[in-house]
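Reckoned from all heavy atoms, side chains included, excluding hydrogens, waters and symmetry mates.
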Amino acid sequence: MGEHVEANGARFWVERRGEGPDVLLVAGLSDPAEAWQAQLDGLSDRYRVTAFDNRGAGRTPLPDGPLTVPLMADDAAALLTALGVERAHVAGFSGGSMIAQELALRHPERVRSLILVSAWARPDAYFRTMTRFWHWLAAQAPGERAMLEAFLLWVYTPRAHENGMVDRVIEETLAFPHPQTAEAFQRQLEAFAAHETLDRLPGITAPTLVLSGECDLAAPPRFGRAVADAIPGADFELLFGEAHQPFQESPEKFNARVDAFWQEVAGQSTAADETAGP
């Protein structure tokens, strides 16, 4: 069960599982902490995994004032403080990868490592047009089901639409007792669409892994490659056959890859400590 946690002037809904090195999972547009269920369940035997509802999603209220990615990055840092976490492995997807980038830039001491899934750092003309359509869709779709059926075309692979996964996601979303309003969707979208960090990414010092789905229509691999190229020492991996949310479509493969990365980071830290000596 989760709980509300006071941080940065707001009440955030937080879900935590397990014991071990701390992992902070940062969700994207519209998604509550439950988007990471397969990671909360599948990684908590090795890590203390924390996921939360961003402002305007799930059980965390939308602010009265401006909603920006830097504000949401400060929220994440404040949550770590409120939870007594000094540093964490941070993983963010889509809009959450924007927040994770800003977190690593604004609060580098809090980020032990960084995983950016379905990421971008500078919107292009295609992206701007796509997000303008989503903005219109949230208000003009004839109903929530119709909106989800259209929006999820950009999120999941054709196989997920064919094998019934998308239908299950839609039913679960419609049954969720804390639905996101059209206004909250639009304001989150506006914050993420305005995100631009490309020129500042060389300032990220955390070990970084960038993962892009080969079939991702919302954040195509060219965006992820540009992010990885800009961050010193970052690794880029293309996930063949995957789309925007591989951690949901192929959770076992995703969990194994991020676990291997975190183990590698831990090994590098141990080696550095041994080299430094007493």
Return all side-chain donor-acceptor pairs below 3.5 angstrom for residues 160-169, not counting sequence neighbours, or 'none' if the list is empty.
| residue | atom | partner | partner atom | Å |
| --- | --- | --- | --- | --- |
| His161 | NE2 | Leu152 | O | 3.2 |
| Asn163 | OD1 | Met165 | N | 2.9 |
| Asn163 | ND2 | Arg159 | O | 3.2 |

To the nearest 0.5 Å, what is the distance between [atom1] ([X]) and [atom2] ([Y])?
| X | Y | atom1 | atom2 | result |
| --- | --- | --- | --- | --- |
| Arg132 | Phe127 | CZ | CZ | 11.5 Å |
| Ile115 | Leu209 | CD1 | CG | 5.5 Å |
| Thr68 | Phe192 | OG1 | CZ | 10.0 Å |
| Met147 | Leu137 | CE | CG | 5.0 Å |
| Phe261 | Leu114 | CZ | CG | 7.5 Å |
| Leu103 | Ile99 | CG | CD1 | 9.5 Å |

Point to revise | Enclosure of Glu252 CD (heavy-atom neighbours >12, cutoff 6.0 Å) | key: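 At most 12 heavy atoms, drawn from other residues, nucleotides or ligands, come within 6.0 Å of this atom.
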**Study point:** Option from Asp216, Asp229, Asp124 for which salt bridge (Lys or Arg N to Asp or Glu O under 4.0 Å) with Arg222 holds
**Key:**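 Only match with Arg222 under salt bridge (Lys or Arg N to Asp or Glu O under 4.0 Å): Asp124.
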Between [X] and [Y], which heavy-atom pair has the shortest distance, and what is it?
| X | Y | result |
| --- | --- | --- |
| Phe254 | Gln39 | CD2-NE2, 3.8 Å |
| Arg16 | Thr50 | NE-OG1, 3.0 Å |
| His135 | Leu189 | N-CD2, 3.5 Å |
| His107 | Ala73 | CD2-O, 4.2 Å |
| Ser118 | Ser97 | O-OG, 4.1 Å |
| Trp120 | Pro123 | CD1-N, 4.4 Å |

Does the side chain of [Y] come within less than 4.5 Å of [X]'s, by heavy atoms?
| X | Y | result |
| --- | --- | --- |
| Pro32 | Trp13 | no |
| Pro21 | Trp262 | no |
| Thr208 | Val210 | yes |

Hey, does the side chain of [X] reach the backbone of [Y] with a donor-acceptor pair shorter than 3.5 angstrom?
| X | Y | answer |
| --- | --- | --- |
| Arg187 | Pro63 | yes |
| Asp75 | Ala7 | no |
| Glu144 | Leu174 | no |
| Gln101 | Ala121 | no |
| Thr60 | Asp53 | yes |
| Arg110 | Val85 | yes |
| Ser44 | Leu40 | yes |
| Thr181 | Ala184 | yes |
| Glu15 | Glu3 | no |
| Asn54 | Ala57 | no |

Ionic contact status for [Y] with [X], cut-off 4.0 Å:
| X | Y | answer |
| --- | --- | --- |
| Asp22 | Arg112 | no |
| Arg200 | Glu102 | yes |
| Arg59 | Glu34 | yes |

Strictly by modelled atom types, are [X] and [Y] linked by a side-chain donor-acceptor pair under 3.5 Å?
| X | Y | value |
| --- | --- | --- |
| Gln188 | Gln180 | yes |
| Gln248 | Tyr156 | yes |
| Glu183 | Gln186 | no |

Point to revise | Mutual orientation of the aromatic rings belonging to Phe151 and Phe185 [parallel < 30°, tilted 30-60°, perpendicular > 60°] | key: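 The rings of Phe151 and Phe185 stand perpendicular, inter-plane angle above 60°.
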Exercise for review: Check the angle between the aromatic planes of Trp154 and Phe133 and answer parallel, tilted or perpendicular using the 30° and 60° thresholds.
Suggested key: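 Answer is tilted, since the angle falls between 30° and 60°.
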Check your understanding: Is Leu239 reachable from Val227 through a run of hydrophobic residues whose side-chain heavy atoms are each under 4.5 Å from the next?
Key ->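 In one cluster: no.
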Review point. Is there a path from Val5 to Val49 through hydrophobic residues (I, L, V, M, F, W, Y) whose side chains come within less than 4.5 Å of each other?
Key: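 In one cluster: no.
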Exercise for review: Identify, with sequence neighbours excluded, every residue that meets salt bridge (charged side-chain N to carboxylate O under 4.0 Å, His left out) alongside Arg46.
Suggested key: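 So Arg46 forms a salt bridge (charged side-chain N to carboxylate O under 4.0 Å, His left out) with Asp259.
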Point to revise | Ring centre gap for Trp36 and Phe52 strictly below 6.0 Å | key: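 They do not qualify: ring centres at least 6.0 Å apart.
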**Study point:** Chi angles and distances behind the side-chain hydrogen bond (donor to acceptor under 3.5 Å, both in side chains) call for Thr157, Glu242
**Key:** CA-CA 7 Å; Thr157 62; Glu242 300 298 337; 6.0 Å; no
Name each donor-acceptor pair under 3.5 Å that joins a side chain in residues 87-95 to protein atoms two or more places apart or in another chain, with its distance.
| residue | atom | partner | partner atom | Å |
| --- | --- | --- | --- | --- |
| His89 | ND1 | Ser113 | OG | 2.6 |
| Ser94 | OG | His244 | NE2 | 2.8 |

